[in-house]
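Accompanying notes for the structure given below.
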Amino acid sequence: MRSVTYSMNVSLDGYIVGPDGGFDWTPPDEEVFRSWIDEIREVGVHLLGRRLYETMLYWETADQDPSLDDSRLEWAAIWKRLPKVVFSTTLSAVQGNARLAGGGLAEEIERLRTEPGQGDIAIGGATLAARAAELGLIDEYRARVHPVLVGGGIPFFPRHERRVDLELVQTRTFNSRVVCFRYRVARRAEPESAC
């Protein structure tokens, strides 16, 4: 079954954007950017909230920007081909290889998990990821932690009153002092029923 992964840049104090809505502290160097390229290659479909979808629209036409280096052009080509599902109550249409979600988040993920297909189901956007986490739908968290404290904003981890045990899968430290953590959600085995 396909895994649902939530992967974002995050400040050391746990935010994906600062209190002013900015994330200018996250521009990746070449090494970090290559890791994003390697990760997106393993994605079969990307679920996005409206705000992240609108932010990522740039990459739908970025291949026309003559100032982009080879890595950014490679990312643009992968992103453009990648199927995307956008969750929005305000958009009536989307562009590129995207479609508006036809149902609820749990139903969409269940359908995608059972469909034939390769690659992970990536989820992006704090609000959408928080809903998925509350429903217990995220299988893996991937945080690229930047060495900065932003003091508030939108948190990477949703604030809900439920404990979630995690298993460390991988760590990687980049030359820029960004550290990537991959944690798998520890699923407890269901007890066997008595005879």
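Heavy-atom basis, side chains included; hydrogens, waters and symmetry copies ignored.
- Across Pro27 and Asp24, no two heavy atoms sit closer than the pair CD-O, 2.9 Å.
- A donor-acceptor pair under 3.5 Å is formed between the side chain of Arg2 and the backbone N or O of Gln118.
- Within the 4.5 Å cutoff, side-chain heavy atoms of Trp36 are placed close to those of Ser7.
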*Passes side-chain contact (heavy atoms from CB on, under 4.5 Å), Ser71 versus Ile37? Steps please.*
CA-CA 8 Å; Ser71 294; Ile37 291 172; 4.1 Å; yes

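- Residues Arg177 and Pro147 have side chains in contact (heavy-atom distance under 4.5 Å, counting atoms from C-beta outward).
- Classified by interplanar angle (parallel below 30°, tilted 30° to 60°, perpendicular above 60°), the ring pair Tyr141/Phe157 is tilted.
- With rounding to the nearest 0.5 Å, the separation of CD1 in Ile78 from CG in Leu82 is 9.0 Å.
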*For side-chain contact (heavy atoms from CB on, under 4.5 Å), just list the numbers for Ser3 and Ile121, CA-CA rounded to whole Å, side-chain angles, deciding distance to a tenth of an Å, and then say yes or no.*
CA-CA 6 Å; Ser3 292; Ile121 301 167; over 6 Å; no

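- Using a 4.5 Å heavy-atom threshold, the side chains of Tyr183 and Val169 count as separate.
- Looking only at distances, a side-chain donor or acceptor of Asp13 sits under 3.5 Å from a matching main-chain atom of Gly151.
- To the nearest 0.5 Å, the span separating CG on Leu137 from OH on Tyr6 amounts to 14.5 Å.
- Residue Val145 is grouped with residue Met8 when hydrophobic side chains (ILVMFWY) are merged at heavy-atom distances under 4.5 angstrom, including chains of intermediate members.
- A cation-pi geometry, defined here as NZ or CZ lying under 6.0 Å from the six-membered ring centre and within 45° of its normal, holds between Arg72 and Phe33.
- Counting all heavy atoms, side chain and backbone alike, Ile123 lies closest to His46 at C-CE1, 4.0 Å.
- With Trp75 as the aromatic partner, Arg34 does not meet the cation-pi criteria of under 6.0 angstrom to the ring centre and within 45 degrees of the ring axis.
- Atom CG of Asp70 has 12 or fewer heavy atoms from other residues, nucleotides or ligands within 6.0 Å.
- Here the closest heavy-atom approach between residue Leu105 and residue Ala132 is recorded as CD2-N, 3.5 Å.
- Salt bridge Lys80/Asp63: present, at least one basic N to carboxylate O contact under 4.0 Å.
- Checked against a 6.0 Å centroid threshold, the rings of Phe23 and Tyr15 do not count as neighbours.
- Listed by first and then second residue, the side chain to side chain donor-acceptor pair (under 3.5 Å) pairs involving residues 93-106 are Arg99-Glu108 (not counting sequence neighbours).
- Here the SG-CD distance, from Cys180 to Glu39, works out to 7.0 Å after rounding to the nearest 0.5 Å.
- Between Arg172 and Glu31, at least one side-chain N (NZ, or NE/NH1/NH2) sits under 4.0 Å from a carboxylate O, which counts as a salt bridge.
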*asked:* Using the rule given for side chain to side chain donor-acceptor pair (under 3.5 Å), can you reason through Thr171 versus Arg182, listing the C-alpha separation, both sets of side-chain angles and the distance that settles it, and then say yes or no?
replied: CA-CA 6 Å; Thr171 61; Arg182 287 182 56 203; over 6 Å; no

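- The two residues Pro83 and Gly44 come nearest to each other via the heavy atoms CD-O, 3.4 Å.
- With no hydrogens or angles considered, a side-chain donor-acceptor pair links Arg144 and Ser35 at under 3.5 Å.
- Expressed to the nearest 0.5 Å, how far CG of Asp139 lies from CG of Asp120 amounts to 8.5 Å.
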*Between Asp165 and Val185, is a side-chain contact (heavy atoms from CB on, under 4.5 Å) present by the stated rule, with each step listed?*
CA-CA 6 Å; Asp165 293 323; Val185 174; over 6 Å; no

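- Annotation: the span from His146 atom NE2 to Asn9 atom CG amounts to 3.5 Å, rounded to 0.5 Å.
- Remark: Ser67 pairs with Asp65 by the side chain to side chain donor-acceptor pair (under 3.5 Å) rule, at least two apart or across chains.
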*Could you give me the CA-CA distance, side-chain angles and deciding distance for Leu47 and Ile109, then say whether side-chain contact (heavy atoms from CB on, under 4.5 Å) is met?*
CA-CA 9 Å; Leu47 311 182; Ile109 287 175; 3.6 Å; yes

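- Residue Ile154 comes nearest to Ala126 through the heavy atom pair CG2-CB, 3.2 Å, listed as atom of the first residue, atom of the second, then distance.
- Every residue meeting the salt bridge (Lys or Arg N to Asp or Glu O under 4.0 Å) condition with Glu54, not counting sequence neighbours, appears here in chain and number order: Arg50.
- Under the 3.5 Å distance criterion, the side-chain polar atoms of Lys84 are matched with a main-chain donor or acceptor of Trp79.
- Nearest heavy-atom pair across Leu100 and Leu91 is CD1-O, 3.6 Å.
- Using a 4.0 Å cut-off between a side-chain N of Lys or Arg and a carboxylate O of Asp or Glu, Arg142 and Glu140 qualify as a salt bridge.
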